[in-house]
Amino acid sequence: MHLHDTRRRAVVSLEPLEPGHVGIYTCGPTVYAPQTLGNMRSQFTPDVLRRTLLADGLDVTFVTNITDVGHLVSDGDEGDDKIEAAAARTGSTAEEIAAHWTEQWATDRRRLGMLEPDHLPKATDYLPQQIEMVAMLEAKGHTYRIDDGVYFDVSTFPGYADFAGLDLTEMEASGRVDNIADKRHPADFALWKSSPEGSTRLQEWDSPWGVGFPGWHIECSAMSTDLLGVQFDIHTGGVDHIRVHHTNEVAQTECALGVHPWVPIWMHTEFLNLGAVKISKSKGHVLVVDTLVEEGIAPLAFRYFLFQAHYRAQQTFSLDLVRAADTALRRLVGHAVAARDAVGGEVVAPSGGRAAELRAAFWAAMHDDLNTPKAMSVVSTVARDPELTPAERWALLADADQVLAFGLSEATDPSAGGDVTDDPVVARRLADRQAAKEARDFATADAIRDELAADGIEITDTPDGPRARRR
RNA sequence: GGCGGCGUGGCCGAGUGGCUUAGGCAAGGGACUGCAAAUCCCUGUACCCGGGUUCGAUUCCCGGCGCCGCCUCCA
């Protein structure tokens with residue numbers, strides 16, 4: 001398996017720290033609002049990675065977190081907590097807000113065919129670990145205290161700028177990154193934030209530095225190392241995390257735990273370019289999985305859509321493009337079901353030269369830094385290559401579905417649609433139309449078809465007789 | 001302004017110094033159908049502009065134009 005590592009800016013070979021096992025950590029959502037389709041893309045990448053490694057026979061531990069405290073709405077290290085703001089806005093508690101959006105996110109993950117995480121830690125459950133890590137940093141002289149809280153002193157970590165290729169001197173010269181007056185360097189960041197004098201936050205905890213709440217980077221360091229070990233194989237997230245969040249995670253973790261490099265491979269998923277359909281989050285109208293459902297698009301069509309572009313390239317989004325993916329997925333499932341049913345669902349090892357060649361091509365693409373577009377081109381070939389027997393076709397598609405997760409083993413013929421003949425009125429109209437057709441009274445037959453179409457029921461004549469499905 | 005990336009056929013979107021006509025959707029043709037729809041089969045068009053390197057560049061270098069991201073919470 002070859003993967004792109006952001007730190008080294010190169011595609012490198014995955015060498016598990018512990019043979020046969022791979023630990024993966026992905027920065028999860030801050031649960032104060034729905035996760036957009038763009039957010040879901042950055043969860044999609046590690047799911048594909050994980051499924052590929054599992055198919056390779058590796059033991060994978062996948063951890064992603066729930067950030068239910070600590071991120072701030074404004075720039076730098078000041079401003080209000082997003083979750084507190086959402087709670088204030090809706091008159092709920094912070095816990096209610098977090099629980100609601102956590103559940104929504106988990107539902108969306110499932111609808112997009114993602115495996116459940118092996119661990120799903122919540123930041124609020126890891127206060128002792130976070131405090132401990134801050135204390136370690138303090139003991140090693142990497143921190144200083146100001147009224148606002150405990151800050152990480154980047155000058156104590158010579159490699160601070162390396163991860164993201166930052167220019168610290170310019171950062172210093174070009175002035176403020178935020179408004180925390182007492183910070184020694186603009187890049188210094190909060191490890192522990194003190195609660196404001198005389199006021200009480202919804203979420204605050206006691207600590208060696210007084211009542212407050214953890215800084216916004218320390219949770220990932222604490223949870224990932226607690227669950228995966230001091231070092232683990234792969235850390236993923238969105239590209240927007242490279243500059244600040246991951247740079248700071250690396251700094252505090254390497255300093256606290258004395259390891260370098262802390263994580264060998266950092267993978268970052270590019271943005272989904274929402275372009276014209278971009279809708280402001282603050283207006284409460286966002287593109288989410290439910291938006292697709294409302295448009296009559298299957299969530300798995302979005303998964304198919306994501307497979308069509310490489311995770312390190314920005315991908316153009318539009319509803320029409322996802323509809324195109326929906327069509328492509330439906331046809332793929334049709335081929336898969338036909339092949340599967342032709343061989344009674346039995347999966348045999350692909351034996352023929354052509355089959356072996358295609359299977360190798362699929363996995364080679366996946367192992368080449370998750371080249372899913374290339375892999376999908378192989379899948380499309382497999383779906384209709386005339387040289388393959390149905391048994392070979394089904395074996396290859398079932399094999400690929402370990403990663404695709406389109407549910408090919410359980411899928412039904414998509415052209416069949418849902419059965420609507422249990423509605424007596426519809427059933428009678430269908431019978432009327434059949435009678436008219438047999439009497440060669442096509443005017444009447446077509447009128448009934450149009451009438452049912454107006455009610456959203458689509459009639460399809462097939463060699464086996466008419467089929468009706470609700471659109 | 002600084003840093004990074006991109007510009008491929010109608011729309012997406014892989015890829016390569018000289019046979020991948022990648023693949024998907026759309027489009028056109030055909031099969032099927034009473035007609036459709038759905039489905040299946042077949043087919044076409046490409047590498048932003050200008051230089052350069054090279055026997056040869058879509059692929060490498062330089063310049064230009066255009067677009068995007070980050071630099072501020074953000075996947």
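Below, chain A is the first sequence line, B the second, and so on; all start at residue 1.
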S.K.: Taking pairing as Watson-Crick or G-U wobble with both contacts under 3.5 Å, can you name the mate of B:rG1, or confirm there isn't one?
M.R.: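 Check on B:rG1: paired to B:rC71, both distances under 3.5 Å.
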
S.K.: How far does the C1' atom of B:rG13 sit from the matching atom of B:rA26, given to the nearest Å?
M.R.: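 The answer is 14 Å between these two C1' atoms.
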
S.K.: Provide a list of protein-nucleic acid N or O atom pairs under 3.5 angstrom, restricted to nucleotides 40-44 of chain B.
M.R.:
none

S.K.: Considering only atom C1', compute the distance from B:rC25 to B:rU43 and round it to an integer number of Å.
M.R.: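 Rounded to whole Å, the distance is 16 Å.
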
S.K.: How far does the P atom of B:rG2 sit from the matching atom of B:rG63, given to the nearest Å?
M.R.: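 Approximately 14 Å lies between the P atom of B:rG2 and that of B:rG63.
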
S.K.: Given the P atoms of B:rG52 and B:rU58, what is the spacing between them in whole Å?
M.R.: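 Here B:rG52 and B:rU58 have their P atoms 14 Å from each other.
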
S.K.: Would you say A:N273 places a side-chain N or O within less than 4.0 Å of OP1 or OP2 belonging to B:rG69?
M.R.: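 Checking B:rG69 against A:N273, no side-chain N or O comes under 4.0 Å of OP1 or OP2.
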
S.K.: Using 0.5 Å steps for rounding, measure from the NZ atom of A:K122 to the CD1 atom of A:I66.
M.R.: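 That separation rounds to 8.5 Å.
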
S.K.: Below 4.0 angstrom, N of the basic side chain to O of the carboxylate: do A:R323 and A:E295 qualify?
M.R.: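 Answer for the salt bridge query: yes.
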
S.K.: Using the P atom as the reference point in each nucleotide, state the distance between B:rC42 and B:rG23 in Å, no decimals.
M.R.: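 The answer is 11 Å between these two P atoms.
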
S.K.: For this output row, return yes or no: ring centroids of A:H246 and A:H217 closer than 6.0 angstrom.
M.R.: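 Centroid distance A:H246-A:H217: not below 6.0 Å, so no.
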
S.K.: Can you identify which nucleotide, out of B:rC25, B:rC74, B:rG34, has its nearest atom closest to the A:T327 side chain?
M.R.: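 Closest nucleotide to the A:T327 side chain: B:rC25.
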
S.K.: C1' atom, B:rG44 versus B:rG5: distance in rounded Å?
M.R.: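 Nearest-Å result for B:rG44 against B:rG5 at atom C1': 33 Å.
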
S.K.: Between A:F307 and A:F44 (judged by ring centroids, cut-off 6.0 Å), do the two rings come close enough to count as a pair?
M.R.: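 Aromatic pair counts; centres sit under 6.0 Å.
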
S.K.: If the test is ring pair (Phe, Tyr, Trp, His ring centres under 6.0 Å), which one of A:F232, A:Y25, A:F157 qualifies with A:W262?
M.R.: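 Option passing the ring pair (Phe, Tyr, Trp, His ring centres under 6.0 Å) with A:W262: A:F232.
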
S.K.: Look at the side chain of A:R449 against the base of B:rA36 and say whether a donor-acceptor pair falls under 3.5 Å; ignore hydrogens and angles.
M.R.: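 Such a pair is found, so the answer is yes.
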
S.K.: For the residue pair A:R359 and A:W363, would you count it as a cation-pi contact if the rule is NZ or CZ under 6.0 angstrom from the ring centre and within 45 degrees of the ring axis?
M.R.: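 No, A:R359 and A:W363 do not form such a contact.
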
S.K.: Would you mind telling me which of B:rG23, B:rC25, B:rA14 lies closest to the side-chain atoms of A:K374?
M.R.: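 Per side-chain heavy atoms of A:K374, the pick is B:rA14.
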
S.K.: Say we look at B:rA31 and B:rC12: how far apart would their P atoms be, to the nearest angstrom?
M.R.: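 To the nearest whole Å, 33 Å.
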
S.K.: State whether A:T316 places a side-chain N or O below 4.0 Å from either non-bridging phosphate oxygen (OP1 or OP2) of B:rG13.
M.R.: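 Yes, A:T316 has a side-chain N/O under 4.0 Å of OP1/OP2 on B:rG13.
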
